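Everything quoted here is computed from the prediction, not taken from an experiment. Numbering of residues begins at 1 and proceeds along the displayed sequence.
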Amino acid sequence: MMQPKRVKYRKPHRTRYDGKAKGNKYVAFGEYGLLAESGNWVSDKQIEAARVVISKHLGKTGKMWIRIFPQLSLTKKPLEVRMGSGKGNPEKWVAVVKKGTVMFEMAGVSEEIMKTALRKAGNKLNVLTKVVKKGELKHD
């Protein structure tokens, strides 16, 4: 699974995922991209599941870019533990995805294959998604 090699703080404050994205707002590398139409925390397992779906459709000719990375650790206290006594241990790693973020990009295969692969990858994520073409989104 994806997770950072090092972090400055092991147990950070939770980052909000509502609002619009500041960066990653347009297709920069590939021909088609998967755009988030809602915000949420996307876990490392969900990113990996989407990556597997895209790579199966790509074969050996296409190329894929993953534009999000799980760098926020979410903590959880053990079951049947009383309130208080500090924050729980890091449980999983998530990427903070805001509305308008381009999460995955593809190039090098036919248009139909790219659209179906990105649509199926979007089904693995817990955000509403849309397939966008390069140049459709205006970047600031």
Side-chain angles (χ1 to χ4, degrees):
M1 296 297 140
M2 298 170 73
Q3 70 180 39
K5 289 187 177 87
R6 272 179 71 247
V7 287
K8 189 169 184 180
Y9 300 108
R10 202 170 65 105
K11 301 177 182 179
H13 294 291
R14 294 191 173 200
T15 310
R16 296 174 67 115
Y17 51 76
D18 49 350
K20 293 181 181 174
K22 285 169 57 177
N24 286 6
K25 293 195 289 189
Y26 56 93
V27 180
F29 305 106
E31 298 167 23
Y32 277 86
L34 189 66
L35 179 88
E37 290 192 309
S38 66
N40 211 337
W41 289 318
V42 179
S43 72
D44 54 349
K45 293 179 181 177
Q46 292 168 341
I47 296 171
E48 178 66 16
R51 184 198 67 80
V52 167
V53 167
I54 292 173
S55 61
K56 284 192 187 229
H57 280 79
L58 278 178
K60 295 184 178 183
T61 56
K63 188 152 172 54
M64 169 184 52
W65 291 268
I66 302 173
R67 307 262 319 260
I68 55 174
F69 186 79
Q71 56 192 4
L72 177 72
S73 67
L74 294 186
T75 61
K76 188 177 180 191
K77 293 186 68 86
L79 290 174
E80 300 179 1
V81 171
R82 294 187 176 184
M83 297 287 284
S85 69
K87 195 170 183 175
N89 293 324
E91 190 72 17
K92 62 180 179 178
W93 294 91
V94 296
V96 179
V97 174
K98 296 192 174 198
K99 180 181 177 181
T101 303
V102 175
M103 298 178 287
F104 294 91
E105 293 184 21
M106 290 178 67
V109 289
S110 70
E111 187 175 325
E112 299 83 32
I113 293 174
M114 282 192 274
K115 283 184 178 179
T116 56
L118 289 171
R119 184 181 47 79
K120 287 182 179 179
N123 292 336
K124 304 289 182 191
L125 305 172
N126 62 347
V127 293
L128 299 174
T129 57
K130 179 172 87 171
V131 178
V132 291
K133 192 175 183 179
K134 186 169 191 158
E136 277 184 17
L137 302 170
K138 294 182 181 179
H139 52 279
D140 303 311

Could you tell me whether the side chain of [X] and the main chain of [Y] form a donor-acceptor pair under 3.5 Å?
X	Y	result
N40	N126	yes
S38	L128	yes
N24	R67	yes
K76	K92	no
E105	F29	yes
K124	R51	no
K134	A28	yes

Measuring from [X]:[atom1] to [Y]:[atom2], what's the distance to the nearest 0.5 Å?
X	Y	atom1	atom2	result
K87	T75	NZ	OG1	4.5 Å
K120	H57	NZ	NE2	4.0 Å
K98	K25	NZ	NZ	11.5 Å
M103	L35	CE	CG	7.0 Å

Can you give me the closest heavy-atom contact between [X] and [Y], atom names plus distance?
X	Y	value
G33	V102	CA-CG1, 4.3 Å
E31	G108	OE2-N, 3.7 Å
I68	A95	CB-CB, 4.3 Å
R16	V96	O-CG1, 3.6 Å
R10	P12	O-CD, 3.4 Å
G100	A21	C-CB, 4.1 Å

inquiry  = For the NZ atom on K11, are there more than 12 heavy atoms of other groups (residues, nucleotides or ligands in this structure) within a distance under 6.0 Å?
reply    =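 Count over threshold, so yes.
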
In this structure, are over 12 heavy atoms from other groups packed under 6.0 Å from K56 atom NZ?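 Atom NZ in K56 is not packed in, count stays at 12 or less.
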
Do [X] and [Y] belong to the same hydrophobic cluster, where Ile, Leu, Val, Met, Phe, Trp and Tyr are linked whenever their side-chain heavy atoms lie under 4.5 Å apart, directly or via other members?
X	Y	value
I113	V132	no
V131	V109	yes
L118	V27	no
V53	M114	no
L74	I47	no

Indicate yes or no: at least one non-hydrogen side-chain atom of [X] is less than 4.5 angstrom from one of [Y].
X	Y	value
L34	L125	yes
V7	W93	yes
V94	P70	no

Worked check of side-chain contact (heavy atoms from CB on, under 4.5 Å) between S85 and K77 = CA-CA 10 Å; S85 69; K77 293 186 68 86; 3.6 Å; yes

- Message: Apply side-chain contact (heavy atoms from CB on, under 4.5 Å) to residues V127 and T101 and explain how you reach the verdict.
- Response: CA-CA 11 Å; V127 293; T101 303; over 6 Å; no

Report task. Kindly indicate, with the supporting measurements, whether the criterion side-chain contact (heavy atoms from CB on, under 4.5 Å) is fulfilled by M2 and F69. Result -> CA-CA 7 Å; M2 298 170 73; F69 186 79; 3.4 Å; yes

Requested in this report: Quick one: sort the W41 and Y17 rings into parallel, tilted or perpendicular, breaks at 30° and 60°.
Outcome: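 The rings of W41 and Y17 stand perpendicular, inter-plane angle above 60°.
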
